[in-house]
Amino acid sequence: MSDEDEAVVVGAVAATRKKASSASVHDAALMLKLQQLTAGTHAEANDTDWIESLAVTVKKPLELDDAEDDLKRELAFYKQALEGVQAAQVRMDRLGIPYRRPDDYFAEMAKTDAHMTK
């Protein structure tokens with residue numbers, strides 16, 4: 001868990017304690033739940049935890065000069081998503097997990113060939 005994550009949890013716990021004077025807040029339980037929810041999301045995390053979630057977080061934040069420019073915004077989203085996919089592909093290759101469809105893949109069609117020729 002990063003220092004930022006811990007700071008957020010500690011701040012949330014402190015705010016909760018101020019609001020609920022009679023409620024009992026268990027720091028250890030909150031930290032355990034945070035660890036369970038974020039397990040596998042970091043690149044350095046255990047691979048078994050990562051396989052359960054397949055969550056990928058891109059390190060660089062989204063940078064836009066003009067958020068109103070639709071084309072530049074969509075291109076920035078595309079580049080960020082592509083970076084995440086490439087990081088996941090590298091990790092899956094390292095773990096030996098197939099992620100590409102086989103060449104002989106056959107998908108059942110919802111409509112018949114006769115209907116599609118109309």
Side-chain angles (χ1 to χ4, degrees):
M1 184 180 327
S2 71
D3 292 337
E4 279 185 28
D5 295 338
E6 289 179 18
V8 169
V9 170
V10 170
V13 169
T16 304
R17 283 188 176 158
K18 287 178 185 175
K19 289 180 183 176
S21 58
S22 63
S24 173
V25 179
H26 301 285
D27 294 345
L30 285 173
M31 294 302 284
L32 175 64
K33 187 49 73 177
L34 179 65
Q35 193 276 332
Q36 289 172 345
L37 291 172
T38 60
T41 58
H42 301 293
E44 303 83 30
N46 185 349
D47 287 332
T48 357
D49 292 338
W50 183 75
I51 290 171
E52 292 295 321
S53 67
L54 296 179
V56 178
T57 304
V58 181
K59 292 183 181 184
K60 287 187 342 185
L62 195 63
E63 295 177 7
L64 291 172
D65 295 332
D66 181 17
E68 298 299 319
D69 188 348
D70 293 341
L71 184 61
K72 287 183 181 178
R73 187 178 62 240
E74 289 299 321
L75 184 61
F77 287 146
Y78 172 79
K79 287 180 180 180
Q80 190 178 44
L82 184 62
E83 185 180 336
V85 167
Q86 290 170 341
Q89 285 178 336
V90 167
R91 196 165 188 178
M92 291 179 115
D93 283 339
R94 183 172 47 89
L95 296 173
I97 300 172
Y99 56 87
R100 294 194 183 271
R101 187 180 308 167
D103 293 334
D104 60 346
Y105 180 78
F106 178 73
E108 190 67 34
M109 300 296 289
K111 296 179 180 179
T112 63
D113 290 338
H115 181 78
M116 293 301 290
T117 57
K118 289 183 182 181

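What you are looking at is a predicted structure, and each value in this text was computed from that prediction instead of being measured. Counting from 1, the numbers follow the sequence of the chain as shown.
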Test of understanding: with side chain to side chain donor-acceptor pair (under 3.5 Å), list the residues that count as partners of Asp70, not counting sequence neighbours. Arg73
Within-4.5 Å side-chain heavy-atom neighbours: Glu63 and Gln80: no
Does a side-chain heavy-atom distance below 4.5 Å link Met92 with Trp50? yes
Quick one: do Tyr99 and Leu54 end up in the same hydrophobic cluster if we chain Ile, Leu, Val, Met, Phe, Trp and Tyr together by side-chain heavy atoms under 4.5 Å apart? yes
On a heavy-atom basis, which atom in Val56 and which in Ala88 lie closest, and how many Å separate them? CG2-CB, 3.7 Å
Nearest heavy-atom approach of Ala76 to Leu64 is CB-CD2, 3.6 Å
To the nearest 0.5 Å, tell me how far Ile51 CD1 sits from Leu95 CG. 5.0 Å
Please indicate whether Asp65 has more than 12 foreign heavy atoms, meaning atoms of other residues, nucleotides or ligands, lying under 6.0 Å from its CG. no
State which residues pass side chain to side chain contact (heavy atoms under 4.5 Å, CB included) with Pro98; sequence neighbours excluded, sorted by chain then number. none
